[in-house]
Novice: 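Let me begin by handing over the structure; questions about it come next.
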Amino acid sequence: MPTLGFARAGAPPSPLRAGRGLHPGPATDPGPGGRRRRHRLAGADRLHHRPRPPARRRHGPKRGILRPDEPDDHALGRSRGGPTTKIHLACDGRGRPLALLLTAGRRHDGVCARPLLERIRVPRAGRGRPRCRPDHVIADKAYASRGFRAYLRRRGIGHTIPEKRDQQRHRRRRGRRGGRPPAFDREVYRKRNIVERCFNRLKGFRGFATRYDKTATSYEAAVSLASFLLWVRSV
């Protein structure tokens, strides 16, 4: 927010004051008419001699410095396009939402992969605990970290995730110690557009495409309601 019109040191003179005979220079200099006028802001009890705080910085924060301008319960974070909210979504093979997670716009996808999978709860038709482990996970390069791959192998979940180019270079540079490249099936990876089509169907709801809610709890409730409507339409 720009600073309002307060007087500060080094500010250019006002043309209105110059027209009234007030010289923009020091208080002891004569004015345009040759008369020695004393500036109304000068003196022992005037503004120029009073202690005052330093002027505020006009420019915004430096690039790379993120200021927490929103509470944590709002799920708002400044990204390239401004304050945004990111929705992490997991869907089934038919494009129906299974779990969602709201974070700030600058939150990385790979960090939210584990808590997103842990939110999956599919009730069974009969007795027993709800199913929380999918058969296979298809994701893009944002989830290609070694830690996430190890987490999927530890849980016995198959995955199809492409490897990043820098990871390929690091593995080749290490030679035999780099290990084998992870398995990747292009035909299976083509099914990843299912989650993109799920997002497109959710964007048909106005409250999902544009966030009007102030808190993340109310916005998450609106997204959950839209996901429930997609499930009702698919039955």
Side-chain angles (χ1 to χ4, degrees), residues 59-70 72 74-122 131-203 211 216 220 223 227:
H59 57 80
K62 295 183 179 179
R63 184 172 298 179
I65 301 178
L66 299 175
R67 295 183 178 180
D69 52 351
E70 289 290 340
D72 296 336
H74 285 191
L76 284 174
R78 186 170 298 277
S79 60
R80 291 183 179 181
T84 55
T85 300
K86 183 179 290 187
I87 301 176
H88 307 268
L89 181 67
C91 66
D92 61 354
R94 298 178 57 182
R96 297 173 297 188
L98 294 177
L100 58 95
L101 179 65
L102 264 65
T103 60
R106 62 177 180 269
R107 196 66 172 173
H108 194 268
D109 297 338
V111 180
C112 306
R114 290 186 57 177
L116 179 63
L117 289 180
E118 293 174 356
R119 288 193 172 195
I120 296 178
R121 294 290 185 274
V122 180
R131 185 177 178 181
C132 58
R133 186 177 62 179
D135 296 332
H136 202 87
V137 172
I138 306 175
D140 55 3
K141 292 183 179 180
Y143 303 90
S145 62
R146 297 178 58 185
F148 185 58
R149 293 181 187 271
Y151 168 76
L152 295 177
R153 288 193 298 265
R154 189 165 55 251
R155 293 190 58 184
I157 303 175
H159 59 277
T160 301
I161 304 175
E163 192 178 15
K164 295 182 179 180
R165 293 183 179 180
D166 56 347
Q167 295 177 352
Q168 296 177 2
R169 290 195 300 264
H170 296 337
R171 177 174 47 80
R172 294 170 183 173
R173 190 183 302 113
R174 298 184 63 183
R176 295 182 178 180
R177 296 180 301 173
R180 296 180 299 177
F184 179 74
D185 192 348
R186 293 184 178 273
E187 296 297 329
V188 177
Y189 185 70
R190 289 180 179 179
K191 300 180 181 179
R192 199 195 67 85
N193 60 3
I194 297 176
V195 66
E196 304 296 341
R197 289 183 291 176
C198 179
F199 270 113
N200 290 337
R201 285 194 293 267
L202 287 173
K203 287 181 180 179
R211 177 176 172 176
E220 185 176 2
V223 177
S227 304

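Sequential numbering from 1 along the given sequence is applied to the chain's residues.
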Novice: Side-chain contact test, heavy atoms from C-beta onward, threshold under 4.5 Å: evaluate it for H170 versus R173 and give yes or no.
Specialist: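 In short, these two side chains touch, coming nearer than 4.5 Å.
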
Novice: Please, which pairs that meet side-chain hydrogen bond (donor to acceptor under 3.5 Å, both in side chains) have at least one residue in residues 193-203, sequence neighbours excluded?
Specialist: R192-E196

Novice: For the CG atom of L98 and the CG atom of D92, what is their distance to the nearest 0.5 Å?
Specialist: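 With rounding to 0.5 Å, CG (L98) is 5.0 Å from CG (D92).
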
Novice: Test of understanding: with ring-ring contact (aromatic ring centres under 6.0 Å, His included), list the residues that count as partners of F184, not counting sequence neighbours.
Specialist: Y189

Novice: Give, for atom CD of E187 and atom OG1 of T160, the distance between the pair rounded to the nearest 0.5 Å.
Specialist: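 Going from CD on E187 over to OG1 on T160, the span is 11.5 Å.
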
Novice: For L100, does its backbone N or O pair with a side-chain atom of R119 as donor and acceptor, under 3.5 Å?
Specialist: yes

Novice: Are R171 and R174 packed together at the side-chain level, in the sense that at least one heavy-atom pair is separated by less than 4.5 angstrom?
Specialist: no

Novice: Do any N or O atoms from the side chain of R133 and from the backbone of R155 form a donor-acceptor pair under 3.5 angstrom?
Specialist: yes

Novice: Which atom pair, heavy atoms only, marks the closest approach of R149 to P162?
Specialist: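 Where R149 meets P162 most closely, the heavy atoms are NH2-O, 3.5 Å.
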
Novice: To the nearest 0.5 angstrom, please state how far the CD1 atom of I138 sits from the SG atom of C91.
Specialist: 9.0 Å

Novice: What's the spacing between R131 CZ and I120 CD1 if we round to 0.5 Å?
Specialist: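 The CZ atom of R131 sits 10.0 Å away from the CD1 atom of I120.
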
Novice: Can you tell me how far the CZ atom of F148 sits from the NE2 atom of H159, to the nearest 0.5 Å?
Specialist: 8.5 Å

Novice: Looking only at heavy atoms, what is the nearest atom pair of T85 and T103, with distance?
Specialist: CG2-O, 3.6 Å

Novice: Between CD1 of I87 and CG of L102, what distance do you get to the nearest 0.5 Å?
Specialist: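 Those atoms lie 5.5 Å apart.
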
Novice: Consider side chain to side chain contact (heavy atoms under 4.5 Å, CB included). Of K164, Q167, E163, which one does K141 pass it with?
Specialist: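 That would be K164; it is the only one of K164, Q167, E163 passing the side chain to side chain contact (heavy atoms under 4.5 Å, CB included) with K141.
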
Novice: Show me, pair by pair, the donor-acceptor contacts under 3.5 angstrom made by side chains of residues 108-117, not counting sequence neighbours?
Specialist:
from : atom 1 : to   : atom 2 : distance (Å)
H108 : ND1    : G110 : N      : 2.9
D109 : OD1    : K86  : NZ     : 3.4

Novice: Does E118 offer a backbone N or O that forms a donor-acceptor pair with the side chain of R121 under 3.5 Å?
Specialist: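 Indeed, once roles are kept as given, a pair shorter than 3.5 Å links the two residues.
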
Novice: Shortest non-hydrogen contact from P97 to C198?
Specialist: CG-SG, 3.8 Å

